[in-house]
Engineer: 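Let me give you the structure first, and then I'll get to my questions.
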Protein chains: 2
Amino acid sequence: MEHTAVEGIAATLEDLATPCLVLDADRMDRNIARLRTRLDGLGVALRPHLKTAKSVDVARRVMTSPAGPATVSTLREAEQFVAAGVRDIIYAVGIAPAKLPQVLALRAKGADVAVVLDSVEQARAVASASRRAGTRIPALIEIDCDGHRSGVLPSDRQRLLDIGRALEDGAQLRGVMTHAGASYAARGSDALRQCAEAERRSVVDAATILREAGLACPVVSVGSTPTAHHATDLAGVTEVRAGVFVFFDLVMAGIGVCRVDDIALSVLATVIGHQREKGWILVDAGWMAMSQDRGTRKQQVDQGYGLVCDVRGKPYADLIMADANQEHGIITVRPGSAGVLPDLAIGDRVRILPNHACATGAQHAAYHVVRGTSSAVEAEWPRFGGWQ
Amino acid sequence: MEHTAVEGIAATLEDLATPCLVLDADRMDRNIARLRTRLDGLGVALRPHLKTAKSVDVARRVMTSPAGPATVSTLREAEQFVAAGVRDIIYAVGIAPAKLPQVLALRAKGADVAVVLDSVEQARAVASASRRAGTRIPALIEIDCDGHRSGVLPSDRQRLLDIGRALEDGAQLRGVMTHAGASYAARGSDALRQCAEAERRSVVDAATILREAGLACPVVSVGSTPTAHHATDLAGVTEVRAGVFVFFDLVMAGIGVCRVDDIALSVLATVIGHQREKGWILVDAGWMAMSQDRGTRKQQVDQGYGLVCDVRGKPYADLIMADANQEHGIITVRPGSAGVLPDLAIGDRVRILPNHACATGAQHAAYHVVRGTSSAVEAEWPRFGGWQ
């Protein structure tokens, strides 16, 4: 694959200013290939969720074509990816009516941007904005498959039909979508397969209700990284959305979706101190660099703020960032483990695997791209943040 | 005070794209005046920690002069503030030797940038870099007053003297500094006064050891927002560093340092859905907008991801963001409370007070400035992030 050429980037991980975000592109490529192969076998399309990457360089590697399809969580992501040539986008957060002018502006640029909603009020607002603009904004009805967040219950026939009909009064019912958010708390293959089947059934049931009432429902969309990797049957589903699979993280490893050595993202940090009598090593990456995501806290293995590796990406046994201040990380051996504190001097470097790739990525403005155990930095890929 | 003029900013809070960060400048001004008055009475200087604000506009209002003094947590902050005319800065995270060229470059621009350290290795690196550059980099020895993080124990006479002497071999021993990080877990005036006195005593004791050995120790620096507001005697201390006091937050309210109506920062969000049978209101601000800081979790009142106010900033009784996904917030009445879910429609707006101003601010690129209960947005002040 081609790489974005960047002038004057650091030659090796030893040259980078710390803290910074490191991306192992070999692992990323492997993670992408794994899910693509899986979904090809299941006969469904991949609509990657680009909220994890927030990078045009990463998006081009994870999308199945330069034009998409893709999923986004903010209109800022939509703006950035449309500017980069993506033409098929679902904005997968319930639409606020005040955001419709921006959706219309993106559509006027030639991008098929669809919105998501779960109420008649929103459907009326989308239909009304469509009529005023003389175009049909496509909308997916969000289905609540597991009580996790938003959405219409797949058994709520009346609400589904009311929303569908309100949309058809000017807008376009594109389909149904759901997200098995509760799968992040599942553990083990059996539990994850059950989440995947509940996710599938919820949208297939909702689509059936709509179609039986004479409403078109071409898209049937599911998506979460855990369920995408455990579904064994996606009959009736047309596409899968997933985001964190590109990088994976310790939460995903904890629920059994990946191994630790699949995790493609890490934070490079420098040792800045010791509290030897306590068994602490201090580094210049705190929660600002790692995020405050503590998603492994409730898992079998609590990884603190992250699992510590050497500069080449090999984990030290049971060495974690046990605590963090804004710009200080406290590294210790996991209490009760057999780990041994490594002999790291002031100025030595480590790489720390994150609990949650979406959260840690969001704290950084660029990926520093390496491959495998090489310390050569072959590219710097910009990331963006924000909402508007 | 003058305001930064911004072309084309939204006229009112109803016009802003959500989620976004709102700053009540009346509350900020009051918070700044409160600590200044307090420290004037105690006869010590204020060296505000600008890691909370990361904004030139805010820095100019909180510093006692346009040239400083100031404290920063990253060299990026130092770069930005030096470019804005600040001339007296402590970079208050233990120095990594690889960062010394950047410190020297800032000093070459005429800014007195001092570093912090707690080991002989670092002192030797600073002295060596100073000799090579033909200048004396000033350094403060970090003192560990409460076992919270980094620093030399104030009783460790030998280490203090070894560091001081290593510095004097080319660099400059500027003084001693400490941060009572453990005060964030204290509660009530008595406990906070004890933290403040322990903080003071630790640096005064360390300074005494250095001076009795013939080493100059002009600066004796303490700092945390809780202790700054509870110290009753700062004899021997020359300056106080504090950051979060400018905005305050729910953690500070929970330990009794401020009231909820002193909190100057909030996140503006829009209602995007309901799960009525569960008593949930969904908004378009999730953990990306609020941060994942759950600092009130262990306090007497757990505020979830934030306390919900109406658009003019008045809190609803016991209404909190109980859970959050990346771009979704789930608002509910606090379990077991007397609160009542307000009647909010799709498109209505709320403001959410954060647990931790430093963490929430870091998720945003600008402050939208209002005053009191007015919804007029009188300025937009940019914020920056990153490290380099």
Side-chain angles (χ1 to χ4, degrees), chain A residues 17-20 51 73-75 92-99 102 117-119 121-122 125 142 144 147-151 179 181 270-275 278 280 282 284 286-289 291-294 323 325-328 330 345-347 356 358-359 362-365 385-388, chain B residues 17-20 51 73-75 92-99 102 117-119 121-122 125 142 144 147-151 179 181 270-275 278 280 282 284 286-289 291-294 323 325-328 330 345-347 356 358-359 362-365 385-388:
Chain A
T18 58
C20 68
K51 78 184 173 82
S73 71
T74 65
L75 290 176
V93 176
I95 189 70
K99 291 175 179 162
Q102 201 178 344
L117 46 78
D118 67 357
S119 69
E121 297 92 309
Q122 287 166 302
E142 185 169 4
D144 177 10
H148 171 68
R149 184 165 80 191
S150 331
H179 165 60
T270 300
V271 173
I272 58 169
H274 299 85
Q275 294 286 28
K278 293 176 181 169
W280 291 0
L282 286 114
D284 65 352
W287 56 251
M288 188 68 82
S291 91
Q292 299 201 47
D293 195 292
R294 288 283 289 101
D323 205 353
N325 295 172
Q326 185 160 338
E327 302 292 352
H328 297 78
I330 298 178
I346 299 278
H356 188 170
C358 305
Q363 303 299 104
H364 296 266
W387 291 270
Q388 287 84 43
Chain B
T18 57
C20 69
K51 78 184 172 84
S73 70
T74 64
L75 289 176
V93 175
I95 190 71
K99 292 176 179 161
Q102 201 177 344
L117 45 78
D118 67 357
S119 68
E121 297 93 309
Q122 287 165 302
E142 186 170 4
D144 177 8
H148 170 69
R149 185 166 80 191
S150 332
H179 166 60
T270 300
V271 173
I272 58 167
H274 300 86
Q275 294 286 30
K278 294 176 181 169
W280 291 0
L282 285 113
D284 66 351
W287 56 250
M288 189 68 82
S291 91
Q292 299 201 49
D293 196 293
R294 289 283 289 101
D323 205 353
N325 295 173
Q326 186 160 338
E327 301 293 351
H328 296 78
I330 298 178
I346 299 278
H356 188 170
C358 305
Q363 303 299 103
H364 296 266
W387 290 270
Q388 286 85 42

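Numbers restart at 1 for each chain; the letters A, B, ... are given by sequence-line order, proteins then strands. Please read these numbers as outputs of a predicted model, since none were measured by experiment.
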Engineer: If we count only N and O atoms by modelled type, under 3.5 Å, do the side chains of A/E327 and B/W387 hold a donor and an acceptor together?
Structural biologist: yes
Engineer: Non-hydrogen atoms of chain B under 4.5 Å away: do they reach the side chain of A/S73, the backbone, both or neither?
Structural biologist: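 Its backbone and side chain both get close to chain B.
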Engineer: Count the heavy-atom pairs under 4.5 Å between each of A/E121, A/R149, A/Q275 and chain B, then report the option with the highest count.
Structural biologist: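 Of A/E121, A/R149, A/Q275, A/R149 has the most heavy-atom pairs under 4.5 Å with chain B.
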Engineer: I'd like to check A/K99 versus B/T18 (side-chain heavy atoms, cut-off strictly below 4.5 Å). Are they in contact?
Structural biologist: yes
Engineer: Going by the rule side-chain hydrogen bond (donor to acceptor under 3.5 Å, both in side chains), which residues pair with A/H364 if we only count those two or more places apart in sequence or in a different chain?
Structural biologist: none
Engineer: I'd like to know which of A/H328, A/H356, A/Q292 tops the heavy-atom pair count under 4.5 Å against chain B.
Structural biologist: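 Option with the greatest count: A/H328.
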Engineer: Who among B/A289, B/G286, B/A92, B/C20 has the most heavy-atom pairs with chain A under 4.5 Å?
Structural biologist: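 Counting heavy-atom pairs under 4.5 Å, the top option is B/A289.
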Engineer: Quick one: what part of B/A96 sits under 4.5 Å from any heavy atom of chain A, side chain, backbone, both or neither?
Structural biologist: both
Engineer: At a heavy-atom separation under 4.5 Å, does A/K278 approach chain B through its side chain, its backbone, both, or neither?
Structural biologist: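 Contact with chain B is through the side chain of A/K278 alone.
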Engineer: So which part of B/Q363 gets closer than 4.5 Å to some heavy atom of chain A, the side chain, the backbone, both or neither?
Structural biologist: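 Both the backbone and the side chain of B/Q363 come within 4.5 Å of chain A.
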Engineer: Determine yes or no for a side-chain-to-main-chain donor-acceptor pair under 3.5 angstrom, with A/Q122 supplying the side chain and B/I272 the backbone.
Structural biologist: yes
Engineer: Considering residues at least two apart in sequence or located in another chain, which fulfil the salt bridge (charged side-chain N to carboxylate O under 4.0 Å, His left out) criterion with A/D118?
Structural biologist: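 With sequence neighbours excluded, A/D118 shows a salt bridge (charged side-chain N to carboxylate O under 4.0 Å, His left out) to no residue whatsoever.
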Engineer: Do side-chain atoms of B/Q326 reach the backbone of A/A359 as a donor and acceptor pair under 3.5 angstrom?
Structural biologist: no
Engineer: Shorter than 4.5 Å, heavy atoms on both sides: which option in B/C358, B/G386, B/S119 has the most such pairs with chain A?
Structural biologist: B/C358
Engineer: Hey, which of A/A345, A/G147, A/P19 has the most heavy atom pairs under 4.5 Å with chain B?
Structural biologist: A/P19
Engineer: Out of B/I330, B/T74, B/D323, B/D293, return the one with the most heavy atom pairs under 4.5 angstrom to chain A.
Structural biologist: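 Looking at each option in turn, the highest pair count goes to B/D293.
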Engineer: Considering only heavy atoms, which portion of A/A98 lies under 4.5 Å from any heavy atom of chain B: side chain, backbone, both, or neither?
Structural biologist: side chain
Engineer: Checking A/N325 against B/H179: is there a side-chain donor and acceptor pair closer than 3.5 Å?
Structural biologist: no
